[in-house]
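Everything on this sheet refers to the single structure shown next.
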Amino acid sequence: MPTLVDDLTFRGLIHQLSDQALLERLDAGGLTAYAGFDPSASSLHHGNLLQLCTLRRLQLAGHRPIALAGGGTGFIGDPSGKSDERNLLDLDHLAANVEGVRPQLARLLDFEPSAGPTQALLADNASWLYDLPLVTFLRDVGKHVTVNQMVKKDSVRARLERAGEGISYSEFSYMLLQAYDFLRLHLDEGCDLQIGGSDQWGNISLGAEVVGKVTGDKVYGLTTPLVTRPDGAKFGKTVEGAVWLDPARTSPYRFYQFFLNVEDRSVGQYLRFYTFFSHGEIAALDAETEAHPERRAAQRALARSVCELVHGEGEAARAERASAALFGAELCELDESTLLEVFEDAPSSAISAQALAGNGSGTLDIVGALVRAELCGSLSEARRLVAAGGAYLNNQRIDDPSRLIGSGDLVAGRYVELRKGRRDYHLLRAE
RNA sequence: GGGUCGGUGUCCGAGUGGCCAAAGGAAGCAGACUGUAAAUCUGCCGGCGCAGCCUACGGGGGUUCGAAUCCCUCCCGGCCCA
């Protein structure tokens, strides 16, 4: 059984750390660690997942995790973002978001009292930042930080040096607010470690320093590498946009597909980051990818595991079955029960039966159907798709944009399968 | 407050009176090849009732036969000065 540090090292999760002494503390257990997330949406997304997984690793190794919602700092905006005038009146809204995120956190972290000293905590910095008197803040935090060192931080320097750019005072202060969070969590909860992505290194190291100066206690910072694709492209996007943990925003099926489609070069890293497989299992999957990349064994294991972690075993199994059926066999070859099961899990929408009335004499054509299924954003786009040969009806390519869809196209009496390209499926359900 | 530069399609970025739905790049989508991979090549990439029309180059107004391009004004951002 590897130690926590061995495990984190094997997985490539340690990018920077504030002090080598942290390694011993990690293996010893008993730390309280926090990671922040932005509660501007009612769901966490793929970008938060790495930190959550890391917190989970810490908890499993005997540490206490805290998920900190940036309900207060959310108003300010991290300097890397654009200033799009956040609204203070959204306070209730943000609080609701924080609560909406709790069940998602609970899938990865143990919030039950039975966890004892490692019981996870969800905190919101709005509870202390929103009413924080400026004078108090300047005395407790501002006094301990020089502008000189703040200006040297990469996030600030980039904004100062680039011509045509600038940084507002509030964004400039962001790192101090984050430092105050660390201080509060240290004083109130005994928190002694902050983790985050490597883009947070400046904020995290400053925070650790401030807590040390104010309290005289030793606290630590640790960052993980940023998740990037081999080509540097942003990771965590599907056709529809971000990959959310909320099944209402990103269905388990899409979530599963997202991880299944990971390229060979990256799958090893993602297995290390997002799964809790043993080192031996990961090595075996690496070897399998090397020897038989076409089998996509690592991708399958990754998708199954992450989906299970986030959505539970039942949903993961359904997503896996739906994927296997859609990509494995011709629709017409599937028996009815399998067909119904697949249709149950795949993305679908309802359509009135009248629209499909009459075989070939209905009013819905392939182009309209593609838009209706939200596979295409406009009729023009749908026409182009058909012209390019990327439109399929019940697994058969459709070349004629005026092809009408009628009752004769129904599968199992009430479904019409539409596909865009090779992997983007949608089902219309006549009702 | 003064001066100055700028605000173009998802993003970056050309364009400075008609040939502009707007160069180029990136991202994205599709096709071919494959393994629901990568790379590569090809096509597409504002909307629509699609040989045409509509809406678009920060907002509004004006000049002109005609404006992303000129003028006025307002809003927003950068830089410099106060």
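In what follows, every chain begins at residue 1, and chains take the letters A, B, ... in the order their sequences are listed.
Both tests do not hold together for A:Arg423 against A:Phe327: distance to the six-membered ring centre under 6.0 Å, angle to the ring axis within 45°.
A stem is defined here as three or more consecutive Watson-Crick or G-U pairs, each with both distances under 3.5 Å; for RNA chain B these stems are B:1-7 with B:75-81, B:10-12 with B:24-26, B:28-32 with B:40-44, B:46-48 with B:52-54, B:58-62 with B:70-74.
Between A:His311 and A:Phe255, the ring planes are perpendicular. Angles over 60° get that label, and only those under 30° would be called parallel.
Minimum interatomic distance between A:Trp128 and A:Leu68 (heavy atoms only, all atoms of both residues): CH2-CD1, 3.6 Å.
Distances shorter than 4.0 Å separate some side-chain N or O of A:Arg423 from OP1 or OP2 on B:A37.
Comparing the P positions of B:A23 and B:A68 gives a spacing of 15 Å, expressed to the nearest Å. Between the P atoms of B:U4 and B:C53, the separation comes to 43 Å (whole Å). Distance noted for atom C1' between B:C76 and B:U42: 42 Å (whole Å).
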All N/O pairs under 3.5 Å across the protein-nucleotides 47-49 of chain B interface:
from: B:G47; atom 1: OP1; to: A:Ser378; atom 2: OG; distance (Å): 3.0
from: B:G47; atom 1: OP2; to: A:Arg384; atom 2: NH2; distance (Å): 2.9
from: B:C48; atom 1: OP1; to: A:Leu379; atom 2: N; distance (Å): 2.9
from: B:C48; atom 1: OP2; to: A:Ser378; atom 2: OG; distance (Å): 3.4
from: B:C48; atom 1: OP2; to: A:Ser380; atom 2: N; distance (Å): 2.8
from: B:C48; atom 1: OP2; to: A:Ser380; atom 2: OG; distance (Å): 2.2
from: B:G49; atom 1: OP2; to: A:Arg383; atom 2: NH2; distance (Å): 3.0

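Of the charged side-chain nitrogens involved, none lies within less than 4.0 Å of a carboxylate oxygen, so that A:Glu381 and A:Arg384 do not count as a salt-bridged pair. Between A:Arg272 and A:Asp286 there is a salt bridge, since at least one side-chain N of the basic residue sits less than 4.0 Å from a carboxylate O of the acidic one.
Taking every heavy atom of residues 290-299 of chain A and every atom of RNA chain B, pairs under 4.0 Å involve A:Pro293, A:Glu294, A:Arg296, A:Gln299, by number.
Using a 4.0 Å heavy-atom criterion, one finds that A:Arg419 contacts no nucleic acid atom at all. Residue contacts for A:Leu260: at a heavy-atom cut-off of 4.0 Å it reaches a base atom on one of the strands shown. Among the atoms of the strands shown, only primed sugar atoms or phosphate atoms (P, OP1, OP2) are found under 4.0 Å from some heavy atom of A:Tyr392.
Atom-to-atom, CZ of A:Arg300 to P of B:G35 comes out at 12 Å; the value is rounded to the nearest Å. Remark: P of B:A30 and CG of A:Leu370 are 12 Å apart, rounded to the nearest angstrom.
When the shell of 6.0 Å around NZ of A:Lys152 is examined, it contains 12 or fewer heavy atoms from other residues, nucleotides or ligands. For A:Glu313, the CD atom counts as loosely surrounded, since its 6.0 Å shell holds 12 or fewer non-hydrogen atoms of other residues, nucleotides or ligands. Under a cut-off of 6.0 angstrom, the local environment of CD in A:Glu290 is sparse, with at most 12 non-hydrogen atoms contributed by other residues, nucleotides or ligands.
You'll find the side chain of A:Gln149 reaches within 4.5 Å of the side chain of A:Leu206, heavy atoms only. Taking the side chain as every heavy atom from C-beta outward, A:Lys153 and A:Ser205 approach each other to under 4.5 Å.
Of the listed nucleotides (B:A30, B:A37, B:U36), B:A30 has the atom at the smallest distance from the side chain of A:Leu385.
If A:Tyr256 and A:Ala391 are placed on RNA chain B by their nearest nucleotide, the residue sitting closer to the 5' end is A:Ala391.
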